[in-house]
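Some notes on the structure that comes next.
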Amino acid sequence: MIKQEKEFQDKIDADLTIEPKDWMPDKYRLHLIRQISQHAHSEIIGMQPEGNWITRAPSLRAKMVLIAKVQDEAGHGLYLYSACESLGITRDELIDQLQTGKAKYSNIFNYPTLSWADIGAIGWLVDGAAIVNQQSLRGTSYGPYARAMVRICREESFHQRQGYEIMSKMSNGTKEQQQMAQDALNRWWWPSLMMFGPHDADSAHSSNAMKWKIKRETNDALRQIFLDRTVKQADLIGLTIPDPDLKWNEKTKHYDFGKIDWDEFWKVVEGNGFCNKERIANHIKAHKEGIWVKQAALAYAKKMEN
Ligand code: 3HC
């Protein structure tokens, strides 16, 4: 191990954060660019399924809350793109990687939002899963990434609360509303568990991620935290988790749960989910239609420089 690599690993082992100007192994840099960019892409693409219901929200309050949430996601994406750019990649390169399919984004955003209850399920389950993952990322070794998590986590808890409030209202509403809430839970439960990534034994990146303290907990550990917490929340509002193998294990003090369908996961991740093509087509269209904003901002910035 060269001297610099040893000094780098000693800093990681001493829980010191790595800053943009610090020396870092290329593999660490590339690992971060991969993960942070995919995180940012997920935030931006995630605006589509939710934005789909802004014009159809059931009340003015519901509409305002959803608009605030979608705006937050845009802000999360911009924080994360900025953190990623500090590693020496440009915004244009990042957007190109997303639009050409070179970069991934979270599996979860390739499912359709069929009813208002889906907006509740997304806030409750997807943002609930994101909170577990992002709270852990507050301890990540790369400084800009860890700092971006502080504000993102604060806003995510609002997202999760608003989703759970929707599900609670509907599961205590009319028969039809209860059915809509249960149907949404049935469709979003397993893809939410998949958000945490493959099982640790099958995770290509986790060993380096843990060695470099990019991840502080493993995929399975975070999945279990989310599951244990969410099962109780479902019980509280009278919804049934769609897993016949779900069972409290008094010995481990965790819930045992059924097998995740990794064929579905990889089908979606590799671009063959319900909405993958539509999500990217919308993203490309929005960039094309909005290019004048970028050109105007760049022209203004140039004028201000002179
Ligand atoms: N969706 C899509 N791809 C996934 C995935 C998922 N849920 N989980 C894993 N993958 C991909 C990985 O990107 C990797 O592919 P790659 O080599 O082409 O990048 C491959 O599957 C192997 O998985 P690993 O577990 O080895 O990969 P990681 O170590 O990167 O772990 C992760 C995956 C846990 C998602 C990790 O990248 C991570 O913690 N990322 C940051 C959090 C994040 O991106 N969350 C996405 C949701 S954001 C969100 O929900 C916003 C909220 O406001 C709505």
Side-chain angles (χ1 to χ4, degrees), residues 27 30-51 66 68-77 79-80 83-84 97-98 101-111 113 119 121-140 142 145-146 148-149 151-160 162-163 188 190-223 226 260 262 264-273 276 279:
K27 280 191 179 162
L30 291 172
H31 186 118
L32 282 169
I33 289 175
R34 177 191 62 81
Q35 175 166 330
I36 301 174
S37 63
Q38 292 180 157
H39 195 162
H41 297 330
S42 304
E43 300 278 4
I44 297 299
I45 295 291
M47 291 161 68
Q48 290 189 36
E50 298 170 323
L66 184 56
K69 177 180 188 315
V70 172
Q71 274 175 327
D72 281 351
E73 309 300 8
H76 297 175
Y79 283 151
L80 291 164
C84 207
Q97 287 174 0
L98 171 65
K102 280 196 210 91
K104 293 183 169 70
Y105 57 90
S106 190
N107 65 301
I108 197 74
F109 297 123
N110 289 307
Y111 291 83
T113 42
I119 298 303
I122 287 178
W124 174 36
L125 300 175
V126 175
D127 288 80
I131 287 175
V132 172
N133 171 286
Q134 289 167 160
Q135 274 173 337
S136 171
L137 282 170
R138 281 184 309 179
T140 192
Y142 187 57
Y145 197 21
M149 286 303 119
R151 179 158 171 186
I152 288 178
C153 286
R154 218 176 290 139
E155 292 172 347
E156 291 294 9
S157 33
F158 146 63
H159 299 171
Q160 195 270 355
Q162 64 86 35
W188 289 90
W190 290 100
S192 299
L193 294 185
M194 295 174 196
M195 282 177 70
F196 293 93
H199 286 307
D200 298 346
D202 307 321
S203 166
H205 301 293
S206 281
S207 54
N208 275 343
M210 295 298 283
K211 182 178 85 174
W212 292 327
K213 296 186 181 175
I214 292 172
K215 279 183 186 176
R216 301 312 297 266
E217 277 105 351
T218 68
N219 297 359
D220 284 328
L222 293 177
R223 193 181 349 259
F226 167 72
I260 293 174
W262 294 111
E264 175 182 331
F265 171 78
W266 288 114
K267 187 181 92 170
V268 173
V269 167
E270 280 155 14
N272 306 306
N276 298 59
R279 299 285 187 245

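Heavy atoms only: backbone and side chains are in, while hydrogens, waters and symmetry mates are out. Being a predicted model, the structure only gives us computed values, none of them experimental. When a ligand or atom number is given, it counts from 1 through the structure's own listing order.
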- request: Indicate whether any N or O donor in one side chain lies under 3.5 Å from an N or O acceptor in the other, for Ser206 and Lys215.
  value: yes
message: Can you tell whether the side chains of Asp220 and Arg223 come within less than 4.0 Å, N to carboxylate O?
response: yes
message: Can you confirm whether the side chains of Gln134 and His39 place a donor and an acceptor under 3.5 Å from each other?
response: yes
message: Restricting to ring-ring contact (aromatic ring centres under 6.0 Å, His included), what partner residues turn up for Phe196, sequence neighbours left out?
response: Phe226
message: My understanding is that only residues two or more places apart in sequence, or in another chain, count here; which of them pass side-chain contact (heavy atoms from CB on, under 4.5 Å) with Gln71?
response: Ile67
task: Check each protein residue for a heavy atom under 4.0 Å from ligand 1 and list those that pass, ordered by chain and number.
output: Arg34, Gln35, Gln38, His39, Ser42, Glu43, Glu73, Lys104, Tyr105, Ser106, Asn107, Phe109, Val126, Asp127, Ala130, Asn133, Leu137, Tyr145, Glu156, Met194, Met195, Phe196, Gly197, Pro198, Ser203, Ala204, His205, Lys215, Asn219, Phe265, Trp266, Val269
All ring-ring contact (aromatic ring centres under 6.0 Å, His included) counterparts of Tyr105, not counting sequence neighbours: none
